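Following: one structure in structure tokens, then a few remarks.
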Amino acid sequence: MDYDVRSHLRQVKDSLSEDVCLVAISKFHPNEHIMAAYEEGQRVFGESHEQELARKHESLPADIIWHFIGHLQTNKVRFIVPYISMIESVDSIKLMREINKQAAKIDRVIDILIELHIAEEETKYGFTPDACRQLFVDGQWREMTNIRIRGLMMMASNTDDEAQIRSEFLQAKELFDEIKANHFAADDSFNLRSWGMSDDYPIACQCGSNMVRVGTLIFGPRVY
Ligand SMILES: *Cc1c(COP(=O)(O)O)cnc(C)c1O
């Protein structure tokens, strides 16, 4: 292995405070690199494609905690629901319903995050802040007893403008606090704020993130 995954993982871990969960984003990286991180103690990994995740899940240690972080088509939900620990990228009510339905079939409760769309890019998936507010007000989620909404996830704009990135993270934090106060005041399980990637996680942590999704800094550049 040319790239020293273990020392890069250590550097990222050392830069995080203890209450921040590090999700090692291993998409497009081989099992060998994932195992290097695993041997360094990392257990939470994130993938964004169902088939790649299925292959890795089958061939890697069973105690790995897998997070799904990519756009998930409803017809793929049933394949990951038996083993996924968290689906961070829930971007529609239709997807929520499907996760709930498939989880009910096998008697599981799946942790999910609601993906926000705050960034300027039109390509990004997720609920706008208003759509997110509406989702919680509508209340259909309360009947979905096989999902548990753990918090919010978002990606900032892909820009060098630090003030812009900071302002987007702070918008997410404010929305989290609002939704927490309005709908989860008595529910400690709504407590996750997943923002921050390789380029911007230190800023994210200053803006209330407690779950960062870091790929490139740990595993090196992805070869697509
Ligand atoms: C790929 C990806 C990441 C990791 O990005 P890096 O820049 O490699 O750290 C984080 N979150 C999501 C949703 C991703 O798709």
Side-chain angles (χ1 to χ4, degrees), residues 3-16 20-30 33-34 36-37 40 42-53 56 64-73 76 80 84-92 95 99 111-128 132 150-162 164-166 168-169 171-173 176 192-224:
Y3 191 84
D4 189 348
V5 170
R6 295 179 72 151
S7 83
H8 284 92
L9 173 68
R10 264 200 306 276
Q11 279 172 34
V12 173
K13 275 212 92 83
D14 287 349
S15 72
L16 292 171
V20 176
C21 173
L22 172 61
V23 185
I25 304 301
S26 49
K27 64 189 186 196
F28 295 99
H29 292 289
H33 285 198
I34 298 175
E40 194 60 39
Q42 181 66 25
R43 288 296 177 273
V44 187
F45 292 86
E47 289 281 338
S48 58
H49 293 94
E50 178 270 316
Q51 287 186 340
E52 182 180 357
L53 172 59
K56 288 175 173 174
I64 287 183
I65 296 164
W66 292 107
H67 285 202
F68 196 87
I69 59 154
H71 177 60
L72 180 59
Q73 289 171 301
K76 300 285 167 58
I80 68 168
I84 201 75
S85 290
M86 187 179 295
I87 301 175
E88 296 200 22
S89 45
V90 174
D91 55 10
S92 71
L95 180 58
I99 297 167
D111 281 351
I112 68 164
L113 302 179
I114 300 300
E115 181 173 355
L116 294 178
H117 178 127
I118 289 176
E120 283 179 337
E121 287 102 344
E122 290 192 359
T123 53
K124 291 216 160 71
Y125 292 102
F127 290 86
T128 63
C132 180
R150 296 293 315 274
L152 305 178
M153 182 272 238
M154 65 84 78
M155 263 183 285
S157 292
N158 186 8
T159 168
D160 291 332
D161 183 349
E162 217 185 286
Q164 162 102 25
I165 293 170
R166 193 176 293 276
E168 291 176 4
F169 286 148
Q171 281 179 66
K173 174 66 166 69
F176 175 92
L192 296 178
R193 298 172 295 275
S194 177
W195 44 87
M197 324 198 321
S198 289
D199 285 340
D200 57 19
Y201 82 88
I203 307 174
C205 291
Q206 292 165 9
C207 301
S209 168
N210 61 6
M211 181 169 272
V212 294
R213 309 177 309 270
V214 179
T216 307
L217 267 187
I218 297 172
F219 297 108
R222 287 180 284 275
V223 182
Y224 294 103

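Atoms within a ligand are numbered from 1 in the order they appear, just like the ligands themselves. What's counted below: heavy atoms across the whole structure, side chains too, no hydrogens, waters or symmetry copies. Quick caveat, the model's predicted, so the values are computed rather than measured.
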| Working for ring-ring contact (aromatic ring centres under 6.0 Å, His included), residues His67 and Phe45 | CA-CA 6 Å; His67 285 202; Phe45 292 86; over 10 Å; no
| request: Report yes or no: does Arg193 contribute a side-chain atom to a donor-acceptor pair with the main-chain N or O of Gly208 at less than 3.5 Å? | output: yes
| query | Which residue owns the protein heavy atom closest to atom 12 (C) of ligand 1, what's the atom, and how far is it? | reply | Ile69 CD1, 3.5 Å
| query | Relative to the heavy atoms of Val214, which atoms of ligand 1 are at a distance of less than 4.0 Å? | reply | 9 (O)
| query | Which part of Ser198 is near ligand 1, with near meaning a heavy atom under 4.0 Å away: side chain, backbone, both or neither? | reply | both
| If we ignore angles and hydrogens, is there a donor and acceptor under 3.5 Å between the side chains of Ser157 and Glu120? | no
| note | atom 4 (C) of ligand 1 sits nearest the protein heavy atom Arg213 O, 3.7 Å
| query | Nearest protein heavy atom to atom 1 (C) of ligand 1, by residue and atom, and its distance? | reply | Lys27 NZ, 1.5 Å
| task | Show the numbers, then the answer: is there a salt bridge (Lys or Arg N to Asp or Glu O under 4.0 Å) between Arg10 and Glu40? | result | CA-CA 8 Å; Arg10 264 200 306 276; Glu40 194 60 39; 3.1 Å; yes
| task | For Gly215, take its heavy atoms, then give the atoms of ligand 1 lying under 4.0 Å from any of them. | result | 4 (C), 6 (P), 8 (O), 9 (O)
| query | What residue and heavy atom of the protein are closest to atom 10 (C) of ligand 1, and at what distance? | reply | Met197 SD, 3.3 Å
| query | Got a donor-acceptor contact below 3.5 angstrom from the Ser89 side chain to the His71 backbone? | reply | no
| task | Just jot down the ligand 1 atoms closer than 4.0 angstrom to any heavy atom of Met155, in number order. | result | 13 (C)
| Any N or O of Arg222 closer than 3.5 Å to N or O of ligand 1 | yes
| How long is the gap from CZ on Phe219 to OG on Ser26, to the nearest 0.5 Å? | 5.0 Å
| task | Tell me which protein heavy atom sits closest to atom 8 (O) of ligand 1, plus the residue, atom name and distance to 0.1 Å. | result | Thr216 OG1, 2.5 Å
| Would you say the side-chain atoms of Gln42 pair up with the backbone N or O of Leu22, donor to acceptor, closer than 3.5 Å? | yes
